[in-house]
Amino acid sequence: MSEVDKRDLIILLKNIGELLEIKGESPFKSRAYYNASNMLENLNEDIGELIDEDRLKDLKGIGDALNKKITEFYKTGRLQYYEDLKQEFPESLLDILNVPGVGPKKVGILYKQLGIKTVGELEYACIENRLVELPGFGEKTQKKILEGINQYKKYQGRYLYSDAYGQAEVIIRYLGSLKQIEKLEIAGSLRRKKEIIGDIDILAASTDPIPVMDAFTKAEFVRDIIALGDTKSSIYTDMGMQVDLRVVKPEEYPYALQHFTGSKEHNVSLRHRAKEMGLKMNEYGLFKEDGSNVPVADEGELYKAVGLEFIPPEMREDMGEIEAAAEDKLPKLITEEDLKGIIHVHTVYSDGSCTIEDMACRARDLGYSYICITDHSQSAFYAGGLKPDDVFRQWKEIDELNKRGIGIKIFKGIESDILTDGSLDYPEEILKNFDLVIGSVHSNFGMPEHDMTARIVNALNNRYLSIFGHPTGRLLLSREGYDMDMEEVMEEAAKNNKVIEINASPYRLDMDWRLLKKGKDMGIKFAICPDAHNLQGLDDMKYGVGAARKGWLEKDDVINCMDVGSIFRS
DNA sequence: GCCGTTTTCGGCCCGACTGTTTTCAGTCG
């Protein structure tokens, strides 16, 4: 099954779960579909193969019914059950679920009683005051939904990690000045370093929560208060981000930090494990059957209490980390300190805004021992790509800087366009003299999947290509990656010993962390690259490390943790 | 719809806040 079909299947199952909730079916039935969707997303096996070998039903969460449905979808490309469901409840209802404050029950009522099928129709119905008479609705609900729609339309509630982190820092600084707060930390998806953040979760410990909540909801950055309670409050910031603050007693803090860090799926699995051990787990403690609490000083002790190694927050995505922790087989995750050098940097030679020397000195000051300059190649005319003469001029400058000695070794690289036929952008006699060649797709994004795959596979067979740059070409929250068969590309990279880039720009974070573990198991090495276009861009390395950690990578999986001899040609 | 060392039925993780109720359902995390 291709990546695209797999993606479709995962969405299909999730959609069915949501439609069943709207329909009012058993919540456990819905959950079975969500579970299956989530499980398949994290599955590192080809679903088509599993079906062909009749092994699909062996997966935990797949029974007779789902086995049949998934097989039907695989064989025919559609699912009659879903088509029937859509006749009853149009697919467009699912979009309404993205409006904060509107869940499946309300969507069901709105559809059945008012025939509302889209967010636009819902907005109009609010304005016409037609929600107030519905059962379970009222004046305030209608107003809240209208506000929710504005939020939905304006921001769609999703932010880049880097933007959310910047906002969170402001809030942490503010809350940190409150004398009632004893402990304070970012939790949620932000602590797990997800590339896209829905809202910011902050946890505080205090014996006196009321003034904390008061100060929080009255802070300068607050635009609207969504909820205000003794232990939990939510606000929208002036930037439009939702922030949840949870305040617990100091003795509850480790349990709460674990709980509010999530992910939801990780916690479900963890609580399930606790329950099997006769323990009840929630944000207030870990309780034995007699109701007594198992005391812990920190998260590490909490995981230990349920028989697990400490699981770093980045790994808590229910992708097998609990099973690995139970067997003491968690990887020793890469850290920023493991990085020795910088690869993938642009300068004034192409579309960067700083000189080679400026970039190199900054990298040196950040503690790196080498930097590899990789400007754009000649076909990238929009980015000022280097003609052969420019390349020779740049090599000369690099030689001079290295000779003079500025405290960091500079390597000569290039980010070569992968042309439409898969060839690189210079003749062999130039390519062979670079220390390192990154090959990236920058044009003709719209090629059909088969052609794009062939183009990239061709490039991966070029002996001069070292690193395959930003493999999908995605721009988070704005552009989907191009169509290609990632499975085939990864196999080709593994076969040819080609490195795959983890582009550390917070706008890209490409390759996606969800695929890293699989790549690692295939024997692929990765390069964490800032794709820096100015001095600040070099700071993006930390985002790439975050993604690598989410993908279970260790320092031995990442080439810029290795000695230069194994990376560069010269 | 799934699952099983309490197995083929009766469970399925847990709690805060809000609004619409008069004891609770819905939403969210």
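Computed from heavy atoms alone, side chains included, the values below leave out hydrogens, waters and symmetry copies. In the text below, chain A, chain B and the rest are named by the order of the sequence lines, each starting its count at 1. Please read all numbers here as calculations on a predicted model, not as lab measurements.
- When the P atom is used for both dC3(B) and dT8(B), the distance is 16 Å, rounded to whole Å.
- Lys106(A) places its NZ atom 13 Å from the P atom of dA25(B), with the value rounded to the nearest Å.
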Extract from the structure each pairing of a protein N or O with an N or O of nucleotides 14-22 of chain B at less than 3.5 Å, listing the distance.
| residue | atom | partner | partner atom | Å |
| --- | --- | --- | --- | --- |
| dG15(B) | OP1 | Lys280(A) | NZ | 3.4 |
| dG15(B) | OP1 | Asn282(A) | ND2 | 3.1 |
| dA16(B) | OP1 | Tyr284(A) | OH | 2.8 |
| dA16(B) | O3' | Thr231(A) | OG1 | 3.0 |
| dC17(B) | OP1 | Asp230(A) | N | 3.2 |
| dC17(B) | OP1 | Thr231(A) | N | 3.0 |
| dC17(B) | OP1 | Thr231(A) | OG1 | 3.1 |
| dC17(B) | OP1 | Lys232(A) | N | 3.0 |
| dT18(B) | OP1 | Leu228(A) | N | 2.7 |
| dT18(B) | OP1 | Leu228(A) | O | 3.2 |
| dG19(B) | O3' | Thr141(A) | OG1 | 3.0 |
| dT20(B) | OP1 | Gly138(A) | N | 2.8 |
| dT20(B) | OP1 | Gly138(A) | O | 3.3 |
| dT20(B) | OP1 | Glu139(A) | N | 3.3 |
| dT20(B) | OP1 | Thr141(A) | N | 3.4 |
| dT20(B) | OP1 | Thr141(A) | OG1 | 3.1 |

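- Between dC12(B) and dC17(B), the two C1' atoms lie 25 Å apart (nearest whole Å).
- For Glu185(A), the salt bridge (Lys or Arg N to Asp or Glu O under 4.0 Å) partners two or more places apart in sequence, or in a different chain, are Arg191(A).
- With sequence neighbours left out, the salt bridge (Lys or Arg N to Asp or Glu O under 4.0 Å) criterion links Glu289(A) to no other residue.
- In this structure, NZ of Lys29(A) is placed 4 Å from P of dG1(B), rounded to the nearest angstrom.
- Shown here is Tyr161(A), whose OH atom has more than 12 heavy atoms of other residues, nucleotides or ligands within 6.0 Å.
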Return the polar atom pairs (N/O with N/O) between nucleotides 3-10 of chain B and the protein under 3.5 Å, or none.
| residue | atom | partner | partner atom | Å |
| --- | --- | --- | --- | --- |
| dC3(B) | OP1 | Gly61(A) | N | 2.5 |

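- Applying the 90° criterion around 0 to the glycosidic angle, dT20(B) comes out anti.
- Between the side chains of Asn35(A) and Asn38(A), no donor-acceptor pair of N or O atoms lies under 3.5 Å.
- What separates OH of Tyr34(A) from C1' of dG29(B) is a distance of 14 Å, to the nearest Å.
- Straight-line distance from the CD atom of Glu276(A) to the P atom of dG11(B): 18 Å, rounded to whole Å.
- Under a cut-off of 6.0 angstrom, the local environment of CD in Glu133(A) is sparse, with at most 12 non-hydrogen atoms contributed by other residues, nucleotides or ligands.
- The same atom, C1', is picked in dC13(B) and in dT22(B); the two are 29 Å apart, to the nearest Å.
- Comparing the same atom, P, in dT6(B) and in dC2(B) gives a spacing of 23 Å after rounding to whole Å.
- Separating the C1' atom of dT27(B) from that of dT20(B) is a span of 14 Å, rounded to the nearest Å.
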Side-chain donor-acceptor distances from residues 48-56 of chain A under 3.5 Å, at least two apart:
| residue | atom | partner | partner atom | Å |
| --- | --- | --- | --- | --- |
| Asp52(A) | OD2 | Tyr74(A) | OH | 3.3 |
| Glu53(A) | OE1 | Arg55(A) | NE | 2.9 |
| Glu53(A) | OE1 | Arg55(A) | NH2 | 2.9 |

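- Per the geometry, NZ belonging to Lys264(A) stands 15 Å off C1' belonging to dC12(B), to the nearest Å.
- The distance between atom NE2 of His266(A) and atom C1' of dG29(B), rounded to the nearest whole Å, is 15 Å.
- Here the nucleotide nearest the side chain of Val268(A), chosen from dC13(B), dC28(B), dG1(B), is dC13(B).
- Distance, Leu110(A) CG to dG26(B) P: 13 Å, rounded to whole Å.
- Residue Asp84(A) qualifies as enclosed at atom CG: its count of foreign heavy atoms under 6.0 Å is above 12.
- When rounded to the nearest whole Å, the span between CG of Asp318(A) and C1' of dC13(B) equals 13 Å.
- The environment of NZ in Lys518(A) is crowded: more than 12 heavy-atom neighbours from other residues, nucleotides or ligands sit within 6.0 Å.
- For Glu336(A), the salt bridge (Lys or Arg N to Asp or Glu O under 4.0 Å) test picks out no residue, with sequence neighbours left out.
- Within 4.0 Å of Asn35(A), counting heavy atoms only, lies no atom of the nucleic acid at all.
- Across all strands, Lys143(A) comes closer than 4.0 Å to no nucleic acid atom at all (heavy-atom distances).
- Applying the Watson-Crick and G-U wobble criteria (two distances, each under 3.5 Å), dT8(B) pairs with nothing in any strand.
- Relative ring orientation between Tyr174(A) and Phe221(A) is described as perpendicular, the plane-to-plane angle rising above 60° on a 0-90° scale split at 30° and 60°.
- Residue Val99(A) is classed as a sugar-phosphate contact, given heavy-atom separations below 4.0 Å to backbone atoms only.
- Within the 4.0 angstrom heavy-atom criterion, no nucleotide atom of any strand lies near Asn267(A).
- Pro100(A) comes within 4.0 angstrom of the backbone, heavy atoms only, and of no base.
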